[in-house]
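In what follows, chains carry the letters A, B, and so on, assigned in the order in which the sequence lines appear, proteins first and then strands, with residues in each chain numbered from 1. Worth knowing before you read on, the calculation uses all heavy atoms, side chains too, and leaves out hydrogens, waters and symmetry mates.
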Amino acid sequence: MDVFSKYLNQKVDIAPLITFRIFFGLLMLFSILRFWYHGWIEKLYLNPTFHFKYYGFEWVHVPDNYTYLLFIICGISAFLVALGYQYRLAMLTFFLSFTYIELMDKTTYLNHYYFISSLSFLLIFLPAGRYFSMDAIRKKNSSRYIPRWNIDAIKLLLAIVYIYAGVAKLNYDWMYNAMPLKIWLPSKFDIPFLGDLLQQTWLHYAFSWAGMLYDVTIVFFLLYRRTRWLGFMAVVVFHLLTRVLFPIGMFPYIMISATLIFFSGEWHHQLLRFFNKIIVGSKKYLANQKALEVDVSRKGQLKRMLIFSFFIIQILLPWRYLCYPGNVFWTEEGYRFSWRVMLMEKAGYANFKIVDAKSGKRFYVDNRDFLNSFQEKQMSTQPDFILEYAHYLGNHFKRQGHQNVQVFVESYVALNGRKSRPYIDPTVDLMKERESFEHKDWILPFETKD
Amino acid sequence: MTMINYFRFLLFCSFGVLLSACNDNSNNSSIDTFDRELMLTHWADNIIIPRYETYVSSLEDLESKTEEFITNASVDNFDVLRSSWLSSYTAWQAVSMFEIGKAEENGLRNYTNIYPTDTNKINQNIAEHDYNLTLPSNFDAQGFPALDYLLYGLSEDKSEAAYLLTQSDRNLYLSLLVTRLKLLAEAVVDDWKSGYREEFIANKGSSATASVDKIVNDFLYYYERFLRAGKVGIPAGVFSGSSLSHTVEAPFCGVYSKDFLLASLTAVQDFFNGKSHLSNGTGESLNAYLDYLNTKIEGADLAVLINSQFDSARNKINSLNQNLKKQVETDNVKMLEAYDELQKVVILFKVDMMQALNIKVDFIDADGD
């Protein structure tokens with residue numbers, strides 16, 4: 001038997017996957033409720049008249065008042081995942097509804113949301129409903145032991161997230177200019193105890209370097225039993241600190257509970273026994289000792305192939321920026337879906353000019369007539385947003401009866417504390433440009449003098 | 001194992017940094033930090049409240065001059081009334097940007113200076129006696145623009161204008177508008193003096209609703225919308241494709257439109273530099289704040305860049321006709337050039353300054369990465 005099939009047949013306790021499922025489901029349910037409570041469904045999806053679409057997903061639309069239904073479905077499926085009721089269907093529903101919500105407007109893109117989508121895709125294929133779940137009780141087909149790769153898959157995804165986030169920090173601005181922390185931290189002057197300290201330059205460097213080291217190494221700390229608790233303490237400190245310093249919502253809690261996956265089966269089993277005691281009371285839900293064999297059927301093989309390809313994509317996707325010329329922070333070509341988390345401070349201003357090509361008559365657009373301030377902020381620093389919005393404006397004014405419409409933009413962007421400089425070529429009629437995966441040669445070069 | 005020890009060492013180092021940091025904090029009390037409370041206090045005590053006081057006293061004067069004119073509609077009294085209107089309209093330019101607190105609550109700017117004014121509506125109101133000036137539909141039938149019409153728009157001839165103003169209850173409408181302006185302004189000053197000042201200063205945090213964030217956003221909004229667009233861009237046709245000369249500020253009187261623009265620009269720049277209203281002294285300001293944040297960019301200080309851009313905008317404006325309406329009608333290119341210079345300040349403000357201050361423009365409280 002070769003090493004691979006030996007690995008494939010290795011069995012471990014299912015418990016880490018089970019607590020993972022429960023925390024994941026509950027945190028997702030809470031995230032959905034929180035999103036609703038803050039009025040973000042209206043603010044981010046229902047109120048804006050225009051939405052920025054991902055390339056290839058232009059067909060995704062905000063379904064007006066059915067958006068609430070979408071969130072209800074997403075929330076309920078998250079709860080069912082936690083309960084382990086119709087686990088696979090619930091997980092699939094959660095993945096689809098959550099991802100659909102994210103696709104409705106790329107203004108709200110966050111690495112965290114992408115992480116949730118990726119993770120929930122992976123979870124569809126993992127047997128997280130087979131123990132300490134309503135399915136296990138109902139179908140009586142629970143398993144105490146499962147093939148090890150199921151749990152390793154989650155560890156691998158976490159490793160990719162952390163290590164890529166760390167590698168992305170290995171750039172000049174982050175390491176040698178302590179940017180953007182040098183901008184962000186001083187503005188948190190009113191945080192108790194830390195406020196004055198956050199003004200200190202040495203601290204900006206310390207945080208930058210410590211953050212990089214944390215991201216690159218944390219998975220290794222968690223992997224080894226002897227350093228695991230130390231690593232987990234670092235996880236808690238790191239994520240709670242980011243929670244205090246930045247408005248990053250639920251993510252710290254999601255990551256803290258996700259890293260528990262690295263703890264042993266026995267440790268998780270204790271946790272489950274504790275849950276069992278306070279929620280159910282009867283021991284029968286934990287009594288099972290069966291093992292889930294590796295599915296050698298064609299379906300099982302296909303599933304593993306799919307997961308394998310998923311990881312290949314995850315590993316390769318963050319490098320796609322290398323296919324584009326220029327600075328990825330400036331052009332943002334290949335920036336998303338690459339775990340570039342809190343890496344830059346970018347501010348921009350885009351002033352659109354509508355020109356009648358024949359008469360030369362021109363006027364400027366007030367962005368507030370079409371976008372909310374969040375959309376305007378995101379639009380002004382990202383070329384794909386600028387292009388999409390330019391086309392929207394052009395078509396809007398064509399419908400209003402304007403002729404020979406050309407759309408130009410005068411835009412300025414400041415990156416990581418540098419002085420603002422022109423961003424998009426103001427002589428290019430954006431109506432003539434099309435979105436594609438090719439390099440956008442109308443982005444002006446980022447000539448850094450400092 | 002050595003690898004693990006190495007990692008452990010690194011991690012301990014980072015914890016060490018954190019720990020020593022905490023010690024540092026307790027031992028060293030002389031850490032140099034920018035005092036936002038001082039800045040807010042300076043803004044309130046030496047800029048905002050004194051400017052409002054000047055504005056209110058100019059309106060009290062306007063009210064008494066109005067009464068004098070109504071009792072004795074001589075051309076002399078008419079001249080005095082007009083010049084009092086000019087003073088209070090000029091004083092208004094210095095407070096319009098502070099749409100915060102009571103001013104925001106009452107919509108002070110909407111009731112004070114929405115133009116172009118609707119002369120038909122004004123005449124209709126005067127004729128029918130049946131109007132409610134608190135309604136948004138009457139924004140453009142009151143305030144300084146409506147007074148501009150009543151004082152300068154009834155006739156080209158001064159004595160005829162003075163005479164017409166006394167006819168058909170126009171003087172009644174005049175005195176109503178003036179009193180309303182005064183009451184609206186007084187409400188704002190009273191609020192500042194009876195608790196809002198303390199509230200404003202105490203709200204010194206870094207949240208989106210903290211005073212610094214709010215006033216900087218208001219300040220930028222004012223500059224972009226009411227100064228750059230309202231006074232220059234819209235008349236020059238920047239947003240419409242063809243010039244709209246009738247949309248200048250105070251078009252009936254005409255000759256003061258440039259002065260109002262300059263007054264407004266100076267008020268904005270003085271606020272940026274923290275110049276006190278009643279003296280030549282300066283205090284903590286956005287300028288000083290930027291210096292503190294040490295935003296040295298490309299060899300030049302951002303605050304210096306902003307000030308010199310203000311100055312080039314002022315230079316362009318100085319070369320314009322006293323009457324901006326005439327300027328637009330005769331040589332709109334110059335007006336557009338002035339607009340371009342004003343526009344460059346917007347970029348320095350909205351992109352560079354906001355980044356340095358880490359203040360979000362009209363922040364929506366969604367999560368970040």
### Task
Apply side chain to side chain contact (heavy atoms under 4.5 Å, CB included) to the pair A:Y364 and B:F239, showing each step before the final yes or no.
CA-CA 5 Å; A:Y364 286 92; B:F239 305 98; 4.1 Å; yes

task = Using the side chain to side chain contact (heavy atoms under 4.5 Å, CB included) rule, take A:Q199 and B:Y292 through it: C-alpha gap first, then chi angles, then the decisive distance, then the call.
result = CA-CA 10 Å; A:Q199 309 299 312; B:Y292 163 71; 2.7 Å; yes

Report task. Give the C-alpha distance, both sets of side-chain angles, the deciding distance and a yes or no for side chain to side chain contact (heavy atoms under 4.5 Å, CB included) between A:R368 and B:R225. Result -> CA-CA 11 Å; A:R368 264 173 280 221; B:R225 272 235 143 162; 4.1 Å; yes

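Here A:S380 contributes atom OG and B:K350 contributes atom NZ; the two are 8.5 Å apart, rounded to the nearest 0.5 Å. Separating the NZ atom in A:K346 from the CD atom in B:Q355 is a distance of 10.5 Å, to the nearest 0.5 Å. A distance of 14.5 Å separates CG in B:N358 from NZ in A:K182, rounded to the nearest 0.5 Å. Atom CD1 of B:I347 and atom CG of A:N351 lie 7.5 Å apart (nearest 0.5 Å). In this structure, OG in B:S242 is found 12.0 Å from CZ in A:R362, a value given to the nearest 0.5 Å.
Proximity of B:L293 to A:P186: side-chain heavy atoms (C-beta onward) are separated by under 4.5 Å at one or more points. Side-chain contact between B:V346 and A:Y349 is present, with at least one heavy-atom pair separated by less than 4.5 Å.
Only the side chain of B:L348 comes within contact range of chain A, with heavy atoms under 4.5 Å apart. A:L415 touches chain B through its backbone: at least one of N, CA, C or O sits under 4.5 Å from a heavy atom, while the side chain does not. Contacts between A:V355 and chain B at a heavy-atom distance below 4.5 Å are absent for every atom of the residue. Neither the backbone nor the side chain of B:V212 comes within contact range of chain A, judged by heavy atoms closer than 4.5 Å. At a 4.5 Å heavy-atom cutoff, A:F35 makes no contact with chain B through either its backbone or its side chain.
Using modelled atom types, one side-chain atom of B:D352 and one backbone atom of A:S420 make a donor-acceptor pair closer than 3.5 Å. When atom types are taken as modelled, the side chain of A:D190 and the backbone of B:S206 share a donor-acceptor pair closer than 3.5 angstrom.
When all heavy atoms of A:G348 and B:V351 are compared, the closest pair comes out as C-CG2, 3.7 Å. When every heavy atom of A:F189 is checked against every heavy atom of B:Y289, the shortest pair comes out as CE2-OH, 4.1 Å.
The 12-atom threshold is not exceeded at NZ of A:K361, counting heavy atoms of other residues, nucleotides or ligands nearer than 6.0 Å. Atom NZ of A:K353 sits in a crowded spot, with more than 12 heavy atoms from other residues, nucleotides or ligands closer than 6.0 Å. Surrounding CZ of A:F30 are at most 12 heavy atoms belonging to other residues, nucleotides or ligands under 6.0 Å away.
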